[in-house]
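What follows is a short report on a single structure.
When reading the values below, keep in mind they use all heavy atoms of this one structure, side chains included, and skip hydrogens, waters and symmetry mates. If you read the sequence from its start, that first residue is 1, and numbering goes on from there.
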Amino acid sequence: MKKLKRFRKKSAIFWLTLFLGTILFFQIFSGELERPAQELNYSELVQKIKTEDIRQVSIKGKYTTALDKKGVYYKAFIPYPEKLLEKLDNKNIEVKLLPVDADFTSKLPIFMPFITLLMILGLLYILGRSLSVTGSRAMGLGKSRAKIQSEKSINARFKDVAGIDEAKSELQTVVEFLKNPKKFEKLGGKIPKGVLLYGPPGNGKTLLARAIAGEAGVRFYTISGSDFVEMVVGVGAARVRDLFDQAKKHTPCIIFIDELDAIGRKRNMGMVSGGHEEREQTLNQLLVEMDGFESNKGIIIIAATNRVDVLDSALLRPGRFDRHVPVTPPDIFGRTKILEVHTRNMPLATDVKLEVIARGTPGFSGADLESLANEAALYAAQKNQKTITMKDFEYAKDKIIMGAEKQGRALSIEDRETVAYHEAGHAVLAYFTKGAHPIHKVTIIPRGQALGMVVQLPEKDEVLISKQKALANIIVAMGGRIAEEMFFGADRVTSGASNDIMQATNIAKKMVTEWALSDDQETAVFRNYIEDSDHHYGPQNAFSESVMERNDKRIENILKDSYKKAVSTIKKYKKELENLAKALLEFETLDLDEVTLLFEKGVFPTKESHKPS
């Protein structure tokens, strides 16, 4: 930093000297350097001419300079130069008539080559100075942009990382090596040079890397893959070298490269140019640093990516990124632990059950759950509460999944009634169909694009989908359209079931073409995955027209049979559906306990028993 300040100061002095010197040069050579002169008025100058004290007069426009016999200069403003010339006739005085345009600017073209030369010399001087300051890297382009965190500044630990216990277990060896490398070296063991963390975004890859550095108590260098690449070819490779040079001075340490796919994509064969050439040079330099002739002992490289499928095979071989650790979305137990971490400093009410919240958030990443806890805290603070209640978490979850409540959306009485019966149809089938997920709540409050919703919570994360579960999902999806038609007639059936129909059709297609779960179907695979020229895998139809026709018939049969079962169930529980719709029109949202009392005992909620959401 001090060198840079001294460099800037010297540069400013140089440019100032160059500027003043140029002006002085022009002044001297253009004859415009002013001499000390005594000012006279017109009559005083005429009087000196009459006494023959003046030996030389120079007239330039209406300005006159005069030199007397003693060598003294005078200057005067002459309103009428012609009259002065008349008075100079027959006098022994040297007269010079200077053109008005003979000034500094008129002579400027003569000196343009000199100006250009000075500018080039100045530019070469600045570039030379910058090269020496940045260690032969023009203007610092080749300097690493990595952010450095010292051992004491890293406050992340494994206790702060929840929901990815398998990944933490995989990385425990790295921590032990950084703490006690001799333990492994005395038995001839070699620690992995690189650890690749891969998985969807928001699941804690960066936090996990920082926790390793925090547990081991070593310096942490963090940089994004995109920070290496520039338009200038060779800059990325220079930054890689600079990063490893810095790391070698502070071993043991960890280098964390986020978004590795920005520089680690598969290299193209043949001629390359432009950005591809720069990226490939950067990748080549990274490969050399990780497994070159020089030993980088004590440097652990951890990288994160969302696209492990596009990485170059040279990065993934042993000796570079030896260990590949998946960081996947947490299961129900992992989500519960993550919620415990993010709510440990929050005042929670006694009714908050984190395991219930975890059940209702399948597919949520760690970042999503952090946002959920924060939204609940903000909502509770907005209502001036002292603690965060379960309803605050429910509000935050609904906001993240479906969007904010549409306070300004006013439905007509007819549309509101249609939505109530539509959602009641889904609820009846979800409650009375074997294999369907349990109901959590039913609402007709508009959120996002949805006018209402039946929220179902799986009892556990689904890894395998049974035939019963798939058919139950199809049947539940058909409840809204059937209820509309049954209570309002075919003429009042609406477009509200469009998403339900799409969902049911997609499940039926997967049952036939991917899962082989239709009744008359032998075990077979009707979808073939092939590799294209870019090494990407994609689905390709691999069956004939006759097979496609049979598959279409199977899909149609699944949908027809499910529709019949849905109609039969709704007819059987028509009274329960009607009661639920009326309760929804009054209270808008009902939870599982209220729905159960209504279906099993016919007990309607009251204003006293109902807790507004």
If every non-hydrogen atom of [X] is compared with every non-hydrogen atom of [Y], which pair is closest and at what distance?
{"X": "Glu588", "Y": "Ile445", "answer": "OE1-CG1, 3.8 Å"}
{"X": "Thr589", "Y": "Thr443", "answer": "OG1-OG1, 2.9 Å"}
{"X": "Arg359", "Y": "Pro458", "answer": "NE-O, 3.3 Å"}
{"X": "Gly163", "Y": "Pro330", "answer": "O-CB, 3.8 Å"}
{"X": "Ala211", "Y": "Val161", "answer": "CB-CG2, 3.8 Å"}
{"X": "Ala436", "Y": "Val476", "answer": "CB-CG2, 4.0 Å"}

Does [X] reach the side chain of [Y], with side-chain heavy atoms less than 4.5 Å apart?
{"X": "Leu451", "Y": "Ile444", "result": "no"}
{"X": "Met453", "Y": "Lys441", "result": "no"}
{"X": "Cys253", "Y": "Tyr221", "result": "yes"}
{"X": "Pro438", "Y": "Leu457", "result": "no"}
{"X": "Ile302", "Y": "Val325", "result": "no"}
{"X": "Val603", "Y": "Leu598", "result": "no"}
{"X": "Val308", "Y": "Phe321", "result": "no"}
{"X": "Lys467", "Y": "Trp515", "result": "no"}

State whether the side chain of [X] and the backbone N or O of [Y] hold a donor-acceptor pair below 3.5 Å, judged by distance alone.
{"X": "Asn506", "Y": "Met502", "value": "yes"}
{"X": "Thr433", "Y": "Leu429", "value": "yes"}
{"X": "Lys509", "Y": "Ile555", "value": "no"}
{"X": "Ser466", "Y": "Lys469", "value": "yes"}
{"X": "Asn203", "Y": "Pro200", "value": "yes"}
{"X": "Glu215", "Y": "Ile212", "value": "no"}
{"X": "Lys249", "Y": "Phe244", "value": "no"}
{"X": "Thr361", "Y": "Ala358", "value": "yes"}
{"X": "Ser562", "Y": "Ile558", "value": "yes"}
{"X": "Arg323", "Y": "Glu170", "value": "yes"}

Using 0.5 Å steps for rounding, measure from the [atom1] atom of [X] to the [atom2] atom of [Y].
{"X": "Ile223", "Y": "Ile255", "atom1": "CD1", "atom2": "CD1", "answer": "9.0 Å"}
{"X": "Lys337", "Y": "Leu354", "atom1": "NZ", "atom2": "CG", "answer": "13.5 Å"}
{"X": "Arg320", "Y": "Asp312", "atom1": "CZ", "atom2": "CG", "answer": "9.0 Å"}
{"X": "His422", "Y": "Arg481", "atom1": "NE2", "atom2": "CZ", "answer": "8.5 Å"}
{"X": "Met478", "Y": "Ile570", "atom1": "CE", "atom2": "CD1", "answer": "11.0 Å"}
{"X": "Thr569", "Y": "Lys434", "atom1": "OG1", "atom2": "NZ", "answer": "13.5 Å"}

### Query
Given the rule in the side-chain hydrogen bond (donor to acceptor under 3.5 Å, both in side chains) test, do Asn284 and Glu280 qualify, once you have shown the distances and angles that lead to the verdict?
CA-CA 6 Å; Asn284 291 336; Glu280 292 191 6; 5.6 Å; no
### Message
Between Thr305 and Asp261, is the side-chain hydrogen bond (donor to acceptor under 3.5 Å, both in side chains) condition met? List the steps.
### Response
CA-CA 6 Å; Thr305 181; Asp261 47 283; 2.8 Å; yes
### Query
With under 30° as parallel and over 60° as perpendicular, where do the rings of Phe432 and Phe599 fit, or are they tilted in between?
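Tilted: the ring planes of Phe432 and Phe599 meet at 30° to 60°.
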Whether over 12 other heavy atoms sit under 6.0 Å from [X] [atom1]:
{"X": "Phe158", "atom1": "CZ", "result": "yes"}
{"X": "Lys383", "atom1": "NZ", "result": "yes"}
{"X": "Met346", "atom1": "CE", "result": "yes"}

### Message
Could you check whether Ser371 and Asp368, counting side-chain N and O atoms only, form a donor-acceptor pair closer than 3.5 Å?
### Response
no
### Task
Say whether Ser224 and Glu259, considering side chains only, have a donor N or O and an acceptor N or O under 3.5 Å apart.
yes
### Task
Quickly, which of Leu197, Ile164, Leu196 forms a side-chain contact (heavy atoms from CB on, under 4.5 Å) with Lys205? Name it, please.
Leu197
### Query
Can you check side-chain hydrogen bond (donor to acceptor under 3.5 Å, both in side chains) on His426 and Asp500, steps first, answer last?
CA-CA 10 Å; His426 288 307; Asp500 302 330; 3.0 Å; yes
### ring pair (Phe, Tyr, Trp, His ring centres under 6.0 Å) partners for Tyr198, two or more places apart
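Once residues adjacent in sequence are excluded, Tyr198 has no partner under the ring pair (Phe, Tyr, Trp, His ring centres under 6.0 Å) criterion.
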### Task
Just do the side chain to side chain contact (heavy atoms under 4.5 Å, CB included) check on Thr389 and Tyr379 with the steps written out, would you?
CA-CA 10 Å; Thr389 67; Tyr379 185 61; over 6 Å; no
### Message
Determine whether Val195 and Ile301 satisfy the following criterion, side chain to side chain contact (heavy atoms under 4.5 Å, CB included), listing intermediate values before the conclusion.
### Response
CA-CA 6 Å; Val195 178; Ile301 305 169; over 6 Å; no
### Query
Any salt bridge between Glu394 and Lys397, counting N to O under 4.0 Å?
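Yes, Glu394 and Lys397 are salt-bridged.
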### Message
Run the side-chain hydrogen bond (donor to acceptor under 3.5 Å, both in side chains) test on Gln503 and Asn473 for me, step by step, so that the C-alpha distance in whole Å, both residues' side-chain angles and the decisive distance to 0.1 Å come before the verdict.
### Response
CA-CA 9 Å; Gln503 180 183 351; Asn473 291 337; over 6 Å; no
### Message
Is there a side chain to side chain contact (heavy atoms under 4.5 Å, CB included) between Val341 and Arg344? Walk through the geometry before answering.
### Response
CA-CA 5 Å; Val341 170; Arg344 60 190 175 193; 4.0 Å; yes
### Task
Would you sort out whether Ile482 and Tyr563 count as a side chain to side chain contact (heavy atoms under 4.5 Å, CB included), showing the intermediate values?
CA-CA 9 Å; Ile482 296 171; Tyr563 187 83; 3.6 Å; yes
